[in-house]
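Keep in mind that what you see is a predicted model, and the values were worked out from it rather than measured. Counting from 1, the numbers follow the sequence of the chain as shown. For ligands, and for the atoms within them, numbers begin at 1 and follow the listed sequence.
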Amino acid sequence: MTIKRNYIAGEWVEGSGTTRNINPADTSDIVGEYATADAEQARAAIAAAYAAFPAWSQAGIQQRSELLDRIGQKILDRKQELGELLAREEGKSLSEAIGEVGRAGQIFKYFSGEVLQLRGDIQPSVRPGLEASVTREALGVIGMITPWNFPIAIPAWKIAPALAYGNCVVFKPAELVPGSAHALTEIIVEAGIPAGVFNLVMGPGRVVGDTIVNDKCVDGISFTGSVNTGRNIAAAAVGRMAKVQLEMGGKNPLVVLDDADLDTAVECAVNGAYFSTGQRCTASSRLIVTEGIYDRFVEAVLERLKTLKIGNPLNPETHIGPVVDERQLQQNLKYVEIAKEEGGNLVFGGEQLQLETDGFFQQPALIIDTTPEMRINREEVFGPVASVIKARDYEHALELANDTEFGLSAGIVTQSLKHATHFKRHAQAGMVMVNVPTAGVDYHVPFGGRKGSSYGSREQGSYAREFYTTVKTAYTSA
Ligand code: ADP
C-alpha cells in the first residue's frame, strides 16, 4: 500500500511516521496508510505559508476566484468516489457522504463568487479636506484544525474563504479521517494552487495542532472540535494575541408542542437525533415534549426507530452507519448506563450490535422520562443517543431548552405562529429551526452558536469574511 503523504511548500513529503485509516464498519478494511507529520514539519508548513503570503494576498481576486471555481468543480465531478471514501473512513451513510462532498463543492463555488463581492467604504472625514476609506485585507497565515465528523465539508468551509480572501493555509485534519483531507488536497494542488499557499499536515493534535496554535507566524486559528480542546486552543491563541474562532459542542433541544404535526415532529426528532449516527454538533440530543403529545410522540418515535436499518454505510439500504471508533462507542454506551442509573427509562436500543462485519455498530438509544439536571441532558454524548424531557407547556419547554451551557442550534415543532415566533426570538442559540431538524444547514448563511458552543466570529456565507480578513482605515488628504 503506498503511503499518502503530506503536502508542504508545494511538495508531497514523507512524514516522521504513518497511521492506518480504518473503516469503522469493517475493521479489516484498511482505507489507506497516511504519513504523520511531526512538529518540525508543521513548522516547515507554517514557514512556507508565511513566505507565500505576500504574493498570494496580492494575487488579485480574479485568480483566486477562478482557482476556487476549479476546485469546486473538481470536487463535484468526483462526488461519488469521494463520497465512498468518506463513508468508508467516517461511517456515515453513502447518501449522506455524497451529500457532504457535494456541499464541499458548492462551498468552493460560493466563495469563488463571494470574493468578487468584497467591498469597503469611503467616508468623508470629520476633518475638512480629508477622506477616510475602510477596506479589508487578508489576515495572513491561518491554521485549521478540524474534527472527524464532517471530513470534507468543515475543511471546505474554512479553506474556501481563507483562500478566497488571500490567506495562506496550514490544514491539520483529525487523525481518524486523513483520506478526505488528502483527496481534497490533491484536488487543490491539481487546480493549480501556488506553492506554500496551501499545506496539509496530517498528524496528532497534541503535536501538529499544538505547534500550529503556538507558532507566532500563524495569525489566525479556526478550530472545530471538542469543548476541552477548544478552550485550551483559545487560551493559547489569546495568550499570544492570535485571532481565534471555535466551533465546539452542543446539547441541542428540539421542542415538540401539543399542536405539532406528529409526522413532522417524528421526522425532525429521528433525523436530528440519529442520522449521521448522531455525530453532528447540531444533533437534537434533548427532545423536550409537552404533556399533551408526550405519549403519542414517544410511541411514534419508537415505531420509526424500529424501521431504521443500521449497517454498512455503502449498502444503499442503510440509514445509520457505525460509530466512528471504539473510544466513541464506549463513550456512548457509558452515557446510556449513566442515564439509566440516574433514573432515565431506556425504551429503545442503546446496545452495541454485532453485524456481519467487525465494526462499531450501535442501536440508536431513546431514553424517556429524563429530568434536566441529569448528566444525559447536560453533557454532549456525540452519538445516536437522545433523551426526552416532559414539559408542562410552551413557556416551560422554552425554559428547559435554554437550560444548558451550550447554544448552537435549537428547534421547535409547532403549528402556532405565535410560539414559533416567540421561540425564534428567545431561544438562546446561534441557529433556530422551525419545523425542520436542528441539524442540516445552508452554506450561504452564517453557521455558529452562542454560550459554550462557539467563540469568535461566525463561519460560512458572507459572514466568514469577519474572521478571514482584517479591516484597514486609511486617511487621505487630497
Ligand atoms: P474529538 O474528541 O472529537 O476527536 P478533539 O477536540 O480532540 O475532538 O479534536 C478536534 C481536532 O483538534 C482534531 O484535529 C485533533 O487532532 C485536534 N486536537 C486535539 N488536541 C489538540 C491540541 N492539544 N492542540 C491542537 N489541536 C488538537
Chemist: Looking at F223, which atoms of ligand 1 are within less than 4.0 Å of one of its heavy atoms?
Modeler: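 Counting atoms of ligand 1 from 1, those under 4.0 Å from F223 are 6 (O), 10 (C), 11 (C), 12 (O).
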Chemist: Which of the numbered atoms in ligand 1 are below 4.0 angstrom from a heavy atom of S226?
Modeler: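 Those qualifying, in numeric order: 5 (P), 6 (O), 7 (O), 8 (O).
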Chemist: Applying a 4.0 Å heavy-atom criterion (strictly less than), which segment of N228 is in contact with ligand 1: side chain, backbone, both, or neither?
Modeler: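 The answer is neither.
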Chemist: With a 3.5 Å cut-off and no angle check, do the side chains of K158 and S222 form a donor-acceptor pair?
Modeler: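 Their side chains do contain a donor-acceptor pair, which is all the 3.5 Å distance test asks for.
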Chemist: Which option out of L246, T229, V324 puts a heavy atom nearest to atom 20 (N) of ligand 1?
Modeler: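 Shortest heavy-atom distance from atom 20 (N) of ligand 1: T229.
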Chemist: Any luck finding a side-chain donor-acceptor pair between N21 and E89 under 3.5 Å?
Modeler: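 Yes.
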Chemist: Taking non-hydrogen atoms only, is R327 closer than 4.0 angstrom to ligand 1 via side chain, backbone, both or neither?
Modeler: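 R327 to ligand 1: side-chain contact only, backbone stays beyond 4.0 Å.
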Chemist: Assess, by modelled atom type and distance only, whether the side chains of Q73 and D77 contain a donor and an acceptor separated by less than 3.5 Å.
Modeler: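 Judged by distance alone, the side chains do pair up.
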Chemist: Need the ligand 1 atom indices (1-based, order shown) with element for anything under 4.0 Å from a heavy-atom of W148.
Modeler: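 Reading through ligand 1 atom by atom, the close ones are 3 (O), 4 (O).
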Chemist: Examine the side chains of T438 and S284 and answer whether a donor and an acceptor come within less than 3.5 Å of each other.
Modeler: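 Yes, side-chain donor-acceptor contact under 3.5 Å.
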Chemist: Return a yes/no value: protein heavy atom under 4.0 Å from atom 9 (O) of ligand 1?
Modeler: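 No, there is no protein heavy atom closer to it than 4.0 Å.
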Chemist: For the residue pair N377 / S387, report whether a side-chain donor-acceptor contact shorter than 3.5 Å exists.
Modeler: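 Distance-only check passes for S387 and N377.
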Chemist: Pull out every atom of ligand 1 sitting under 4.0 Å from any heavy atom of G209, numbered as shown with elements.
Modeler: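 So the atoms of ligand 1 that pass are 24 (N), 25 (C), 26 (N).
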Chemist: Of the side chain and backbone of F382, name the one, both, or neither that has a heavy atom under 4.0 Å from an atom of ligand 1.
Modeler: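 Under 4.0 Å from ligand 1, F382 contributes no heavy atoms.
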Chemist: I'd like to check which ligand 1 atoms, numbered from 1 as shown, lie under 4.0 Å from a non-hydrogen atom of A174.
Modeler: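 Selected atoms, number and element: 14 (O).
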Chemist: Does either side chain, that of Q330 or that of R327, offer a donor lying less than 3.5 Å from an acceptor on the other one?
Modeler: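 No.
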Chemist: Within a distance under 4.0 Å of any heavy atom of I233, pick out the atoms of ligand 1 and give their elements.
Modeler: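 Listed by number with element, the hits are 25 (C), 26 (N).
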Chemist: Just checking, any donor-acceptor pair under 3.5 angstrom between side chains of S454 and E247?
Modeler: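 Present: a donor and an acceptor within the cut-off.
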